[in-house]
Enquirer: 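The structure follows.
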Amino acid sequence: MPSTNVKAISESTRDKLKLAVGHLETFLNQYALPQLTEEDQGSDSELFYKGLLADLRHMLVFSEVAYEKLGVALRRPNFDIDFAERGLYEAYHQCVNAFFYPKNECYSEDGRYAYTGQDAIRFRKKPVRAARDIVLTVSKIYEELRDDLSYYESDYMTQRRMQGQK
């Protein structure tokens, strides 16, 4: 991949990660488990929100780390393509995967809705409005990142392995 493309993708990815971090931080600073379970007295609500908050915290940390790593790559006087590509690879495999494959499975993506204009995110249980909104808001960001970074899903490592065999 040419260095201008890597640099542009690094800048774009960093901007999107900054946006996601802002949304996640705001939500996590405003809501805690007692607030969410107070609004939702349903069965299993405490377990559901514990899992959701844990997954959102993981996403926040992974996104902050990737944001910082790409910032380092972009601030270097000589742009290091290999370092930036490694950062993009990690952004895909940690941030995007943390969103679309959450450990606690409080929500999942239903591919049948992906092309209908409807939200493709389906929750295991109906969440309170604020929890639903944060997941759907950041889902749009992580969908864009998944599309932008699709090369880093598998092609990047295949190319690296081939280079190593030469």
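Everything quoted here is computed from the prediction, not taken from an experiment. Side-chain atoms are counted along with the backbone in the values below, which use heavy atoms only and exclude waters and symmetry mates.
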Enquirer: Hey, quick one: are Phe83 and Tyr151 part of the same hydrophobic cluster, counting side-chain heavy atoms closer than 4.5 Å, chains of contacts allowed?
Expert: no
Enquirer: Does Lys125 NZ have over 12 foreign heavy atoms under 6.0 Å away?
Expert: yes
Enquirer: Specify whether His93 and Tyr89 have parallel, tilted or perpendicular ring planes, treating 30° as the upper limit for parallel and 60° as the lower limit for perpendicular.
Expert: tilted
Enquirer: Verify the neighbour count for atom CD of Glu105: are there more than 12 heavy atoms of other residues, nucleotides or ligands below 6.0 Å?
Expert: no
Enquirer: Are any of the side-chain heavy atoms of Arg57 and Leu60 separated by less than 4.5 Å?
Expert: no
Enquirer: Under 4.5 Å between side-chain heavy atoms, counting indirect links through other Ile/Leu/Val/Met/Phe/Trp/Tyr residues: same cluster for Tyr107 and Phe62 or not?
Expert: no
Enquirer: Quick check: is Leu145 connected to Tyr101 through a chain of hydrophobic side chains (ILVMFWY, heavy atoms under 4.5 Å apart)?
Expert: yes
Enquirer: Could you check whether atom NZ of Lys140 has more than 12 heavy atoms from other residues, nucleotides or ligands sitting under 6.0 Å from it?
Expert: yes
Enquirer: Provide the closest heavy-atom pair for Glu46 versus Leu33 in the form atom of the first, atom of the second, distance.
Expert: O-CD1, 3.8 Å
Enquirer: Is Arg124 reaching over with its side chain to a backbone N or O of Asn104, donor-acceptor style, under 3.5 angstrom?
Expert: yes
Enquirer: Rounded to the nearest 0.5 Å, how far apart are CG of Leu52 and CD1 of Ile134?
Expert: 9.5 Å
Enquirer: For His23, does the NE2 atom sit with more than 12 other heavy atoms under 6.0 Å from it, leaving out its own atoms?
Expert: yes
Enquirer: Return the CD to CG distance between Glu85 and Asp80, rounded to the nearest 0.5 Å.
Expert: 10.0 Å
Enquirer: Minimum heavy-atom separation for Thr37 to Pro34, with atom names?
Expert: OG1-O, 3.3 Å
Enquirer: Quick one: CG on Leu136 to CZ on Arg129, what's the gap to the nearest 0.5 Å?
Expert: 9.0 Å
Enquirer: Please determine whether residues Leu36 and Leu47 belong to a single hydrophobic cluster, defined as Ile, Leu, Val, Met, Phe, Trp and Tyr linked transitively by side-chain heavy-atom distances below 4.5 Å.
Expert: no
Enquirer: Looking at Ile141 and Lys16, what are the two nearest heavy atoms and their distance?
Expert: CG2-O, 3.4 Å
Enquirer: Quick one, Val6 and Phe79 - any side-chain contact, counting heavy atoms below 4.5 Å?
Expert: yes
Enquirer: With side chains defined as the heavy atoms from C-beta onward, is the minimum distance between Glu68 and Glu64 less than 4.5 Å?
Expert: no
Enquirer: Rounded to the nearest 0.5 Å, how far does CD of Glu144 lie from OG of Ser139?
Expert: 10.0 Å
Enquirer: If I take atom CE from residue Met59 and atom CZ from residue Phe100, how far apart are they, to the nearest 0.5 angstrom?
Expert: 10.0 Å
Enquirer: Does Gln35, at its CD atom, have more than 12 non-hydrogen atoms belonging to other residues, nucleotides or ligands within less than 6.0 Å?
Expert: yes
Enquirer: For Arg132 and Pro127, which heavy atoms make the closest approach, and how far apart are they?
Expert: CB-CG, 3.8 Å
Enquirer: Could you check whether any side-chain N or O of Ser12 sits under 3.5 Å from a backbone N or O of Ala8, counting only pairs where one atom can act as donor and the other as acceptor?
Expert: no
Enquirer: With rounding to the nearest 0.5 angstrom, report the CG to OG distance, Asp148 to Ser10.
Expert: 11.0 Å
Enquirer: Which class fits the ring pair Phe99 and Tyr142: parallel under 30°, tilted 30 to 60°, perpendicular over 60°?
Expert: parallel
Enquirer: Measure from the ring center of Tyr152 to the ring center of Tyr92 and say whether it is less than 6.0 Å.
Expert: no
Enquirer: If you compare all heavy atoms of Ala32 against all heavy atoms of Leu53, which two are closest, and at what distance to 0.1 Å?
Expert: C-CD1, 4.2 Å
Enquirer: Looking at Leu70, Leu19, Ile9, Leu88, which one forms a side chain to side chain contact (heavy atoms under 4.5 Å, CB included) with Arg14?
Expert: Leu70
Enquirer: Which pair of non-hydrogen atoms, one from Val138 and one from Ala20, has the smallest distance, and what is that distance?
Expert: CG1-O, 4.3 Å
Enquirer: With heavy-atom distances below 4.5 Å as the criterion, would you say the side chains of Val128 and Tyr49 are in contact?
Expert: yes
